[in-house]
Amino acid sequence: MSNKRPESMERITNEALANAFIAEQVAAVKAQVGDKKVLLALSGGVDSSVVAALLIKAIGKNLVCVHVNHGLLRKGEPEQVVEVFRNQMNANLVYVDAVDRFLDKLAGIVEPERKRKIIGAEFIRVFEEEARKQQGIEFLAQGTIYPDILESGPVKAHHNVGGLPDDLKFELVEPLKFLFKDEVRVVGKALGLPDGMVYRQPFPGPGLGVRCLGAITRDRLEAVRESDAILREEFAKNGLEGKVWQYFTIVPDFKSVGVKEGKRSFEWPVIIRAVNTRDAMTATVEDVPFALLEHITERITHEVKGVNRVLYDLTPKPTGTIEWE
Ligand code: XMP
């Protein structure tokens, strides 16, 4: 099948067009897979979530979703995947708690590219093990979207499954492959996915692993997760969710002196990053109101264990990148 978006294909900009697309794809998926089983790595990101919702509509329990919790997801994400897909959509969802496995493999690893490779390789291994446990899988669904085909851009979590061994090379089901991101969101909305999932900001495949700088430790990883949750909560409360392209926190692997409750403290800083961009090749820094930054600082330094300072990264890309490693 061609990898070029048909010229006649109308841009999906509203619910009616989304419903027409959904009906068409449901029929196409049914025709492609019949009564066979389809496997999907469901990260909870926009693309894999929309594929899951679409395939549940088409083939119900013959879609086997595998959600791998590698311990590097944001606060509340694994729970949301279980709630939305298993509890609300009645999906056939395999939840794999692989937290210890990933963190043990990553212990002591400082170099960012090695961390990325370990996370990617371990993900394939876990997914492969789950695939082998399933009987009668013949297809692999992927949340490939049109920019992935056009640019073959940054490595995404669901692309890691491209590394499955030859005896697990299933036929691909890629219902979103001609859609742009904004269209995927319109389709996700029409499929009834929650806004928090549909309008989610980009999140790297290696997750919080690239924001817990240097060798990942469980306590510092918790500081990243908790500070990120506070930042997201405050951005949502103050109308910045959906307005700022990407925002998150970073915790470096050094400490500085501070004072807490009248005593000297020796703890980590949290760095806040909030950027806007069109294509992630260049980025500008969001002009977050100073009072809001002060409030977030107050919350993070009081609520997150092991943190005594908060910094705001004022660096555009270039010269900085969006992530810190
Ligand atoms: P940088 O840091 O290169 O980030 O300016 C540009 C965009 O890419 C995302 N990013 C990644 N995404 N795996 C991913 O799936 C990665 O290893 C990775 N590194 C960066 C980053 O979040 C930003 O949106």
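For ligands, and for the atoms within them, numbers begin at 1 and follow the listed sequence.
Near T321, meaning under 4.0 Å from one of its heavy atoms, ligand 1 places the atoms 1 (P), 2 (O), 5 (O). Set against the non-hydrogen atoms of W245, the atoms of ligand 1 under 4.0 Å away are 24 (O). Close approach of ligand 1 to R116 is summarised as follows: ligand atoms under 4.0 Å from at least one heavy atom of the residue are 16 (C), 17 (O), 18 (C), 19 (N). Under a 4.0 Å criterion applied to the non-hydrogen atoms of G205, ligand 1 contributes the atoms 13 (N), 14 (C), 15 (O).
Ligand 1 has no nitrogen or oxygen under 3.5 angstrom from a nitrogen or oxygen of F203.
At least one test fails for R273 against the ring of Y247: distance under 6.0 Å to the centre or angle within 45° of the axis.
When E325, K317, E323 are ranked by how near their heavy atoms come to atom 3 (O) of ligand 1, first place goes to K317. Considering only non-hydrogen atoms, atom 11 (C) of ligand 1 lies nearest to P204 out of G207, P204, G120.
Checked against R132 for a salt bridge (Lys or Arg N to Asp or Glu O under 4.0 Å), the options E130, E128, E129 give a single hit: E128.
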Item checked: Candidate pair D182 and R11, rule side-chain contact (heavy atoms from CB on, under 4.5 Å), full reasoning -> CA-CA 10 Å; D182 53 308; R11 192 88 180 199; 3.0 Å; yes
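At a heavy-atom distance under 4.0 Å, no atom of F248 approaches ligand 1.
A donor atom on one side chain and an acceptor atom on the other are not found under 3.5 Å apart for T249 and D228.
With ring centers used as reference points, F180 lies under 6.0 Å from Y146.
A salt bridge (charged side-chain N to carboxylate O under 4.0 Å, His left out) check over residues 19-35, counting only residues at least two apart or in different chains, returns nothing.
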